[in-house]
A.B. asks: 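A single structure is presented below for examination.
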Amino acid sequence: MKTENTVEGKMEKIVSLCKRRGFIFQGSEIYGGLAGTFDYGPYGVTLKNNIKRLWWKRFVEDREDMYGVDAAILMNPKVWEASGHVAGFADPLVEDLKTHKRYRADHLLEDAGVDTKGMKATEMDALIKEKKIKSPEGNPLGEVRQFNMMFKTQIGATEDPTAVSYLRPETAGGIFVNYKNVLDSLHPKLPFGIAQIGKAFRNEIAPRDFIFRLRELEQMEIEFFVNPKEWEKWFAHFQAQVHEWTRDIGLADSHVHELEIAPADLAHYSKRTIDFEFDYPFGKKELYGLAYRTDFDLSAHTKSSRVDLSYFDEETKERLTPHVIEPSFGVDRTLLAILSDAYTEDTLGGETRTFLKLAPAVAPVRVAVFPLLKNKPELVAKAREVYAMLKKAIPNVEFDDNGNIGKRYRRQDEIGTPFCVTVDFETIEQGTGVALRDRDTGAQKRVKIEDLVSLVS
Ligand code: GAP
């Protein structure tokens with residue numbers, strides 16, 4: 001689907017910028033890569049950490065009803081049996097009978113203009129046959145079957161089936177198994193939430209679109225435990241919070257859309273889900289999810305573990321199993337949405353330039369400090385002094401004396417640095433402060449050194 005954000009070649013340009021400027025690299029690149037994995041470079045990891053830090057502040061630190069955890073990725077396999085993932089965390093797979101390459105059946109049907117919402121594997125199979133759909137290489141396709149996306153691994157030295165475990169497919173599992181620990185140690189009252197940021201793993205049949213569909217991904221998730229009578233109120237609360245969050249990180253409101261998931265398409269644990277979609281350069285696709293998971297998980301874990309996960313309300317003297325509202329945010333998809341909205345090309349001083357219009361709160365470098373000339377010790381010394389002063393107050397400050405000033409501006413524009421500070425001869429000889437340049441307009445003004453921290457913070 002073409003969207004407002006679809007600019008010719010924009011995605012390729014973003015991928016190229018990410019590699020050229022040290023944001024994101026193909027995983028295991030020197031060995032030819034590993035599909036569905038990417039490595040974050042120096043600017044990428046800072047951007048990612050800024051996203052996670054802002055999320056943690058908004059959803060955990062700034063609230064009184066949220067508790068953070070950091071659970072193990074490897075879990076007892078019974079967790080995933082109880083949660084329904086062993087039986088049902090699957091995508092429809094179809095194989096090219098000649099090359100044996102595997103594809104998502106729903107993706108091939110969608111590419112052929114078929115809406116697969118709510119469709120079972122058998123229905124997709126029948127449609128592929130009826131419409132004579134072939135693989136992208138033009139070969140016949142086999143039967144559509146369900147493929148479980150969890151990565152299996154072996155725990156310990158024995159290689160028998162009882163030693164099988166899984167890499168977690170969602171961080172939510174680590175939250176549910178710690179619900180009782182948080183309840184027993186911190187005694188929160190309903191409603192309260194548990195939040196976690198961490199890696200999750202999915203053996204996607206067709207990883208694609210750069211960091212959009214990965215096999216190793218990162219999630220920021222909340223399981224918010226409520227009295228079942230209040231689930232609608234809290235669902236609406238987090239629905240609004242998602243929009244506030246996308247504004248925090250600088251995404252355009254007009255690029256974020258809500259999609260009410262049809263009952264037939266709901267995940268096995270959900271009674272209501274809204275997907276938040278974003279206008280990526282390759283189309284409108286899922287950015288986040290908000291699900292009403294009912295008491296599905298706590299009841300399933302109570303039954304499977306035989307540990308009572310009910311809650312006693314001291315005020316009403318009622319014993320109940322809390323229901324859950326789950327806002328789930330992919331870190332990598334957030335980062336890609338930020339890059340998509342920030343990527344800009346314009347003309348400045350008669351020259352075409354590329355820049356990332358990043359919100360200052362997420363930019364990997366907040367301010368860069370330059371001496372006008374690298375070979376003038378007095379300029380370098382003063383610039384170092386200004387740099388040290390700023391670095392004390394702001395963590396993401398960079399000192400740059402490579403190449404000429406024009407080159408430095410271009411490099412800082414491309415990595416999205418909102419402000420550049422130049423120490424020049426006027427600074428030294430006339431004491432008139434420094435030149436402060438604004439990334440978006442390229443405009444420069446003279447400012448006092450002592451005002452810099454407040455101007456760029
Ligand atoms: N606990 C609920 C859950 O995991 P989900 O819709 O499967 O729900 C939540 O995933 C979010 O995780 C998605 O909205 C997306 O941001 C991110 N995500 C899911 N699969 C992904 C993948 N293969 N690559 C990158 N991000 C992914």
Side-chain angles (χ1 to χ4, degrees), residues 24 27 34-38 40 48 51-52 55 69 71 73 75 79-80 83-85 88-91 104 106-107 147-151 166-177 179 193-224 235 238-239 242 245-246 249 251 256-261 265-278 280 282 284-294 296-298 300 324-340:
I24 303 169
L34 179 69
T37 67
F38 283 89
Y40 287 85
K48 199 171 168 192
I51 294 169
K52 293 193 277 184
W55 188 90
V69 294
I73 288 174
M75 302 179 75
V79 172
W80 305 112
S83 69
H85 284 79
F89 191 60
D91 270 344
R104 283 267 298 261
D106 52 340
H107 288 172
F147 170 76
N148 193 297
M149 291 199 291
M150 282 200 294
F151 278 101
Y166 304 93
L167 298 185
R168 67 182 179 203
E170 55 172 10
T171 56
I175 295 181
F176 288 118
V177 299
Y179 154 83
I194 304 180
Q196 171 164 234
I197 298 180
K199 292 266 182 153
F201 302 82
R202 298 180 181 191
N203 199 0
E204 294 280 354
I205 297 164
R208 60 179 182 181
D209 296 320
F210 195 32
I211 54 168
F212 178 80
R213 192 173 301 285
L214 294 166
R215 288 188 169 131
E216 178 175 336
L217 55 129
E218 197 158 5
Q219 292 183 317
M220 309 182 282
E221 294 201 298
I222 293 167
E223 307 305 321
F224 200 77
F235 193 93
F238 282 105
Q239 190 178 354
V242 171
W245 159 253
T246 57
I249 54 173
L251 300 186
V256 180
H257 314 274
E258 291 188 6
L259 174 72
E260 183 79 41
I261 301 299
D265 285 328
L266 290 172
H268 62 279
Y269 50 71
S270 174
K271 235 183 181 166
R272 184 182 175 196
T273 294
I274 289 179
D275 275 357
F276 293 84
E277 296 188 315
F278 179 77
Y280 288 101
F282 43 86
K284 198 203 295 179
K285 301 271 178 199
E286 180 188 335
L287 170 65
Y288 303 138
L290 173 65
Y292 169 39
R293 284 180 87 128
T294 68
F296 176 87
D297 299 271
L298 289 185
V324 166
I325 305 298
E326 179 198 61
S328 178
F329 304 71
V331 178
D332 313 273
R333 286 190 190 179
T334 306
L335 201 141
L336 185 55
I338 288 175
L339 291 176
S340 308

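Counting starts at 1 for both ligands and their atoms, in listed order. If you read the sequence from its start, that first residue is 1, and numbering goes on from there.
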A.B. asks: Please report whether ligand 1 has a polar contact with E223, defined as an N or O pair separated by less than 3.5 Å (distance criterion only).
C.D. replies: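 Between E223 and ligand 1 (N or O atoms, distance only) the closest approach is not under 3.5 Å.
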A.B. asks: Quick one: nearest non-hydrogen protein atom to atom 16 (O) of ligand 1, plus distance?
C.D. replies: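 Checking every protein heavy atom, the shortest distance to atom 16 (O) of ligand 1 gives L287 O, 2.6 Å.
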A.B. asks: Say whether, by atom type as modelled, one donor and one acceptor occur between the side chain of R215 and the main chain of N203 under 3.5 angstrom.
C.D. replies: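 Answer holds: no.
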A.B. asks: Report the residues that fulfil ring pair (Phe, Tyr, Trp, His ring centres under 6.0 Å) with H257, sequence neighbours left out, ordered by chain and then residue number.
C.D. replies: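 Partners of H257 under the ring pair (Phe, Tyr, Trp, His ring centres under 6.0 Å) test: none.
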A.B. asks: For atom 13 (C) of ligand 1, what's the nearest protein heavy atom and its distance?
C.D. replies: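 Of every protein heavy atom, E286 OE2, 3.1 Å lies nearest to atom 13 (C) of ligand 1.
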A.B. asks: Suppose I only count heavy atoms of E221 and a 4.0 Å limit; which atoms of ligand 1 are within that range?
C.D. replies: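 The atoms of ligand 1 under 4.0 Å from a heavy atom of E221 are 1 (N), 2 (C), 3 (C), 4 (O).
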A.B. asks: Taking Q196 for the side chain and T171 for the main chain, is one N or O donor matched with an acceptor at less than 3.5 Å?
C.D. replies: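 Indeed, once roles are kept as given, a pair shorter than 3.5 Å links the two residues.
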A.B. asks: Determine whether any heavy atom of F278 lies closer than 4.0 Å to an atom of ligand 1.
C.D. replies: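 So F278 does not count as touching ligand 1.
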A.B. asks: Suppose we measure from atom 25 (C) of ligand 1 to each protein heavy atom; which comes out shortest, and what is that distance?
C.D. replies: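 I find the closest protein heavy atom is F212 O, 3.0 Å.
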A.B. asks: With E218, which of R333, R202, K52 fulfils salt bridge (charged side-chain N to carboxylate O under 4.0 Å, His left out)?
C.D. replies: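 By the salt bridge (charged side-chain N to carboxylate O under 4.0 Å, His left out) criterion, E218 pairs with just one of R333, R202, K52: K52.
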A.B. asks: Give the contacting part of R215 toward ligand 1: side chain, backbone, both or neither, where contact means a heavy-atom distance below 4.0 Å.
C.D. replies: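 Neither part.
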A.B. asks: To the nearest 0.5 Å, tell me how far R168 CZ sits from H85 NE2.
C.D. replies: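 NE2 of H85 is found 12.0 Å from CZ of R168.
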A.B. asks: Kindly compute the distance separating CD1 (I175) from CG (D297), expressed to the nearest 0.5 Å.
C.D. replies: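 Interatomic distance, I175 CD1 to D297 CG, rounded to 0.5 Å: 10.5 Å.
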A.B. asks: Are Y280 and F278 an aromatic pair, judged by ring center distance below 6.0 Å?
C.D. replies: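 F278 vs Y280: aromatic centres under 6.0 Å.
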A.B. asks: Which residue owns the protein heavy atom closest to atom 10 (O) of ligand 1, what's the atom, and how far is it?
C.D. replies: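 Atom 10 (O) of ligand 1 sits closest to the protein heavy atom Q219 NE2, 3.5 Å.
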A.B. asks: Working to the nearest 0.5 angstrom, can you tell me the gap between D332 CG and F38 CZ?
C.D. replies: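 So the CG of D332 and the CZ of F38 are separated by 10.0 Å.
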A.B. asks: As an exercise, identify every atom of ligand 1 less than 4.0 angstrom from a heavy atom of E170.
C.D. replies: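 Going through ligand 1 atom by atom, the ones under 4.0 Å from E170 are 1 (N), 2 (C), 3 (C), 4 (O).
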A.B. asks: Under a 4.0 Å heavy-atom limit, does F89 contact ligand 1 with its side chain, its backbone, both, or neither?
C.D. replies: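 For F89, no heavy atom sits under 4.0 Å from ligand 1.
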A.B. asks: Could you tell me the residue and atom name of the protein heavy atom closest to atom 21 (C) of ligand 1, and the distance to it rounded to 0.1 Å?
C.D. replies: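 Here the closest protein heavy atom is R333 NH2, 3.5 Å.
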A.B. asks: Among all protein heavy atoms, pick out the one at the shortest distance from atom 17 (C) of ligand 1; state its residue, atom name and that distance to 0.1 Å.
C.D. replies: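 Minimum-distance protein heavy atom for atom 17 (C) of ligand 1 reads G330 CA, 3.8 Å.
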A.B. asks: When rounded to the nearest 0.5 angstrom, what is the spacing between CG in D106 and CG in D91?
C.D. replies: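 CG of D91 is found 6.5 Å from CG of D106.
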A.B. asks: Ligand 1 versus R293, non-hydrogen atoms closer than 4.0 Å: side chain, backbone, both, neither?
C.D. replies: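 Side chain only; the backbone of R293 stays clear of ligand 1.
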A.B. asks: How far is atom 11 (C) of ligand 1 from its nearest protein heavy atom, and which residue and atom is that?
C.D. replies: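 For atom 11 (C) of ligand 1, the nearest protein heavy atom is S328 OG, 3.7 Å.
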A.B. asks: Which of the atoms of ligand 1 are close to Y288, meaning less than 4.0 Å from one of its heavy atoms?
C.D. replies: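 Numbered from 1, ligand 1 contributes 14 (O).
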A.B. asks: Among all protein non-hydrogen atoms, which one is nearest to atom 18 (N) of ligand 1, and what is the separation to 0.1 Å?
C.D. replies: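 Atom 18 (N) of ligand 1 sits closest to the protein heavy atom L217 CD1, 3.8 Å.
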A.B. asks: Enumerate the atoms of ligand 1 whose separation from the nearest heavy atom of L214 is less than 4.0 angstrom.
C.D. replies: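 Answer, ordered by atom number: 22 (C), 23 (N), 24 (N), 25 (C).
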A.B. asks: Distance-only, no hydrogens or angles: does the E286 side chain make a donor-acceptor pair with backbone N or O of D275 under 3.5 Å?
C.D. replies: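 Between the backbone of D275 and the side chain of E286 there is no qualifying donor-acceptor contact (under 3.5 Å).
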